[in-house]
Number of protein chains: 2
Amino acid sequence: MITIKDVAKEAGVSVATVSRVLNNKGGAKPETITHVENVIKKLNYKPNKIAKSLSEGSSNLIALLVPTLNNPFFPELVREIEKVANENGYNVYLCNSDDDRMKVEYYLESMIDHYVSGAIINSLHVDASDLAELEKRGIRTITIDRANFEHPYSAITVDHTLGAQLAVTHLIRDEKCNNIVFISGPKNEKSAIDRLTGFTLALNEAGHPVKTHICYGDFGTASGYENTKALIQNGHSFDSIFCANDAMAIGAMRACHEFGIKVPSEVKIVGYDNISLASYMYPTLSSVDQCKEDIGRLAVNELIQLIKNPKNKQKQYELEPKLVIRNSSTINGGSINE
Amino acid sequence: MITIKDVAKEAGVSVATVSRVLNNKGGAKPETITHVENVIKKLNYKPNKIAKSLSEGSSNLIALLVPTLNNPFFPELVREIEKVANENGYNVYLCNSDDDRMKVEYYLESMIDHYVSGAIINSLHVDASDLAELEKRGIRTITIDRANFEHPYSAITVDHTLGAQLAVTHLIRDEKCNNIVFISGPKNEKSAIDRLTGFTLALNEAGHPVKTHICYGDFGTASGYENTKALIQNGHSFDSIFCANDAMAIGAMRACHEFGIKVPSEVKIVGYDNISLASYMYPTLSSVDQCKEDIGRLAVNELIQLIKNPKNKQKQYELEPKLVIRNSSTINGGSINE
DNA sequence: TTGAAAGCGCTAACAG
DNA sequence: CTGTTAGCGCTTTCAA
């Protein structure tokens with residue numbers, strides 16, 4: 001293991017000088033700088049980030065807490081966040097809670113243990129006091145979506161009321177549906193509640209009565225499948241299904257297929273998240289796009305500036321979703337490229 | 001921030017004693033131990049892992065380098081590995097290379113910077129000298145699959161020759177296919193080569209001539225789609241497609257759908273990986289199961305024992321894949337639960 | 001059974 | 001412009 005001391009000795013300067021060069025702190029003769037840089041190269045020296053973190057009292061690690069990796073939306077989000085974080089010299093400590101409070105607690109502690117300098121939180125199982133605890137320990141936080149509680153910290157949400165409204169209006173107005181099933185997420189969840197609001201808004205705007213049925217899933221593919229299967233088996237009739245995420249929509253579509261129900265001619269389906277697989281489903285899946293890219297970029301940028309300027313005020317952002325219409329909800333749906 | 005010193009002061013002992021209690025080093029009076037433990041609890045003290053790592057010269061971080069998060073197989077594998085690592089007190093530093101050599105290099109350096117104590121490597125863009133460099137720096141390594149080169153370090157592979165053979169034999173013997181398209185992975189890739197070997201073996205075993213066509217994808221859904229589309233548009237006829245992974249199989253299936261080709265009655269499709277979505281496709285996707293769970297558990301356990309016993313010899317493991325038959329390759333395919 | 005103190009590799013006053 | 005030195009929080013000899 002080759003250290004800053006070795007470099008200093010070899011270069012005939014002090015460790016302080018090497019440190020200055022390393023961190024571009026300036027205040028060193030240009031020749032000294034080049035000389036030191038050459039020695040660093042020659043020795044193939046790599047600063048030890050652990051030591052740096054300890055010394056500075058903070059790391060270049062950003063924690064990213066996600067509820068699951070099972071739902072394709074999250075790997076896609078992880079990817080975006082990782083990319084932007086790397087661009088800015090930060091590394092991501094991925095914490096997959098598997099929707100389990102125990103794991104959330106494990107990871108919250110782990111974040112503290114690892115001196116992460118900030119955390120991007122996306123979990124149902126985190127509450128305001130958890131965030132407060134992190135902030136108290138000097139870890140800046142930002143929540144993404146699904147935050148089902150009030151808190152004074154930075155937050156990014158997507159306007160799920162609007163998202164649901166777009167989807168349901170599409171079903172009612174464009175597709176003349178009048179018997180809609182809404183497979184929601186867990187009842188206590190803010191995004192589920194918001195989407196229900198949007199659902200209701202769209203119904204009100206319809207100007208004519210529309211039959212509805214609401215059931216509750218857990219955002220897993222299986223729950224979309226089981227809910228739909230149960231409805232069919234119970235003889236419940238419907239002409240469309242709006243699912244609170246794509247995973248459940250895929251499950252719902254599967255159930256329809258199994259019972260020989262044609263999508264979209266007999267039942268139209270719209271999902272939420274616009275995962276990349278949506279355009280490869282059969283039929284291609286209409287979905288509300290949450291703009292993962294925007295969420296990811298915004299989350300990292302906001303967090304970094306919180307880290308760099310500790311006195312900055314937290315901000316709240318709300319993004320606008322877009323409806324992407326494909327074949328699962330309309331006969332004239334888009335092609336693979338949409 | 002509350003440190004070991006605070007605990008020591010509050011407990012009226014030295015930091016050395018607190019450290020002993022913390023790490024169950026023994027050699028302390030039982031009463032002292034309980035007393036210190038109480039103070040720790042009372043103060044809600046958490047040892048700083050950064051400091052611990054620096055002091056010990058190693059962290060409890062395991063790096064996990066994956067080629068992509070786009071292909072659902074990898075999030076599923078990540079999840080397994082993370083789970084087992086956590087059970088053993090290790091945390092995972094997820095490195096997603098997006099199949100890009102630049103990113104691989106970035107992460108290899110980052111692993112060194114972060115003093116990870118071991119690395120699980122799954123990437124086409126890592127070679128023996130990269131592994132040697134890590135090992136030289138005291139980072140134990142284990143490769144998973146896809147290692148397209150020889151190296152003396154620990155490795156886990158799946159018998160892809162067998163996997164391909166199972167799939168193709170199924171198509172030939174069970175389904176009487178005699179015009180098979182094989183959508184392979186990148187040409188230079190070991191797993192692709194092995195699968196080709198298995199493909200050939202199955203053909204030889206058939207005992208009668210079978211027409212074949214081989215094309216090369218990149219494991220992305222789009223490449224399965226494009227390859228299949230091109231074949232169809234070129235008027236190439238075939239009665240079955242074997243894809244080197246499920247993502248491409250989903251793309252291939254999509255292309256068939258678009259051209260009104262019925263799966264499985266006109267064309268049978270088998271994928272590889274057995275991702276969880278396979279049983280929700282329409283039709284459900286037959287696939288070769290790589291046993292992610294076994295791979296993950298084995299990788300972590302092997303790595304941990306390498307870390308703990310530096311003089312232990314590296315080992316090579318080869319796992320056996322299993323064919324899971326569903327509806328995409330047979331009329332009498334399995335149900336959702338298979 | 002315990003404590004004092006050196007040291008892990010780096011940063012950042014402070015002094016020169 | 002550069003060097004000295006005191007930490008960052010923890011582990012671990014070595015003595016007591």
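Side chains are part of it too, since the values below use all heavy atoms of this structure and drop only hydrogens, waters and symmetry mates. Residue numbers start from 1 in every chain, and the chains themselves are labelled A, B, ... in the order their sequence lines are given, proteins ahead of strands.
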In residues 32-43 of chain B, what donor-acceptor pairs under 3.5 Å come from side-chain atoms, sequence neighbours left out?
from, atom 1, to, atom 2, distance (Å)
B/T32, OG1, B/K29, O, 3.4
B/T34, OG1, B/P30, O, 2.9
B/T34, OG1, B/E31, O, 3.0
B/N38, ND2, B/T34, O, 3.3
B/K42, NZ, B/E10, OE2, 2.6

Between A/R297 and A/E80, does any NZ, NE, NH1 or NH2 come within less than 4.0 Å of an OD or OE carboxylate oxygen?
no

A/K103 meets the side chain to side chain donor-acceptor pair (under 3.5 Å) criterion, sequence neighbours left out, with A/D98

Whole-Å gap separating P (D/dC8) and CG (B/D6)
11 Å

What pairs with A/S55 under side chain to side chain contact (heavy atoms under 4.5 Å, CB included), at least two apart in sequence or on another chain?
none

Rounded to the nearest angstrom, tell me the gap between atom CG in A/N60 and atom P in C/dC10.
14 Å

Angle between the two end axes of the helix from C/dT1-D/dA16 to C/dG16-D/dC1, five base pairs per end, rounded to 10 degrees?
40°

By the 4.0 Å heavy-atom rule, please label B/S53 as base, sugar-phosphate, or nothing.
nothing

Could you give the CD1-to-C1' distance, from A/I33 to D/dC1, as a whole number of Å?
10 Å

Whole-Å gap separating P (D/dC8) and NE2 (A/H114)
22 Å

So, is B/T32 close to the C/dT2 phosphate, meaning a side-chain N or O under 4.0 Å from OP1 or OP2?
yes

Rounded to the nearest angstrom, tell me the gap between atom NZ in B/K5 and atom P in C/dA4.
12 Å

With B/E318 via side chain to side chain contact (heavy atoms under 4.5 Å, CB included) - residues at least two apart:
B/T157, B/D159

Can you list everything that forms a salt bridge (charged side-chain N to carboxylate O under 4.0 Å, His left out) with A/R20? Sequence neighbours excluded, please.
none

Is A/G57 touching bases, backbone alone, or none of the nucleic acid, heavy atoms closer than 4.0 Å?
nothing

Where protein sits on nucleotides 11-16 of chain C, one letter per nucleotide: B base, S sugar-phosphate only, - none, heavy atoms under 4.0 Å:
BBB---

Send over the distance from B/L54 CG to C/dC10 P, rounded to a whole Å.
9 Å

Can you tell me if A/S14 touches the phosphate of D/dT4, counting only side-chain N or O atoms and a distance under 4.0 Å to OP1 or OP2?
no

Send over the distance from B/K9 NZ to C/dG3 P, rounded to a whole Å.
15 Å

Determine which pairs satisfy ring-ring contact (aromatic ring centres under 6.0 Å, His included) with at least one residue from residues 76-95 of chain B, sequence neighbours left out, and list them in order.
B/Y93-B/H114

Sequence neighbours left out, what passes side chain to side chain contact (heavy atoms under 4.5 Å, CB included) with A/N70? Give chain and number order.
A/T68, B/R79

Spacing of B/N48 atom CG relative to D/dG7 atom C1', expressed in whole Å:
14 Å

Before you tell me yes or no, could you show the steps for B/M1 and B/T3 under side chain to side chain contact (heavy atoms under 4.5 Å, CB included), namely the whole-Å CA-CA distance, both residues' side-chain angles and the distance that decides it to 0.1 Å?
CA-CA 6 Å; B/M1 155 112 292; B/T3 76; 4.0 Å; yes

